[in-house]
Visitor: 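Sharing a structure here in structure tokens format.
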Amino acid sequence: MKVVSGKHLCKILESRGWELKRIQGSHHIYTQAGNPKILTVPVYGNQDLRKGTLGQLLKDANLTEKDL
């Protein structure tokens, strides 16, 4: 699986219609109209997300690895 930073994933989510609701510490909370899911993206500068975290976020956002 390709690795990306939390900052990069946030840009992808925003381009796909997800809206940043709030920032709590280093976690960015995203929602999308018509979607009951809430995504919490850890943003630690340019540090890459862990594979399991990235995989679950992609699954919850209905994205694939090709979308990265």
Visitor: Which atom pairs, one a donor and one an acceptor, fall under 3.5 Å between side chains of residues 8-25 and the rest of the protein, sequence neighbours left out?
Guide:
from	atom 1	to	atom 2	distance (Å)
Glu14	OE2	Tyr30	OH	2.8
Ser15	OG	Ile12	O	2.7

Visitor: Is there a side chain to side chain contact (heavy atoms under 4.5 Å, CB included) between Leu49 and Val3? Walk through the geometry before answering.
Guide: CA-CA 7 Å; Leu49 293 172; Val3 291; over 6 Å; no
Visitor: If a pair satisfies side-chain hydrogen bond (donor to acceptor under 3.5 Å, both in side chains) and one of its residues is in residues 38-47, list it, with sequence neighbours excluded.
Guide: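 Found none.
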Visitor: Can you run down the salt bridge (Lys or Arg N to Asp or Glu O under 4.0 Å) pairs that involve residues 42-66, sequence neighbours left out, and say none if there aren't any?
Guide: Lys37-Asp60
Visitor: With rounding to the nearest 0.5 angstrom, report the CG to CG distance, Leu57 to Leu63.
Guide: 9.5 Å
Visitor: Taking only residues two or more places apart in sequence or in another chain, which ones pass side chain to side chain donor-acceptor pair (under 3.5 Å) with Asn62?
Guide: none
Visitor: Which hydrophobic side chains are connected to Ile29, either touching it within the sub-4.5 Å cutoff or through other members that do?
Guide: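 Members alongside Ile29: Ile38.
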Visitor: List the atom of Leu39, the atom of Ala61, and the distance in Å for their closest heavy-atom pair.
Guide: CD1-CB, 3.7 Å
Visitor: Working note: Leu68 + Leu54, criterion side chain to side chain contact (heavy atoms under 4.5 Å, CB included); need CA distance, chi angles, decisive distance, verdict.
Guide: CA-CA 11 Å; Leu68 300 176; Leu54 177 59; 4.2 Å; yes
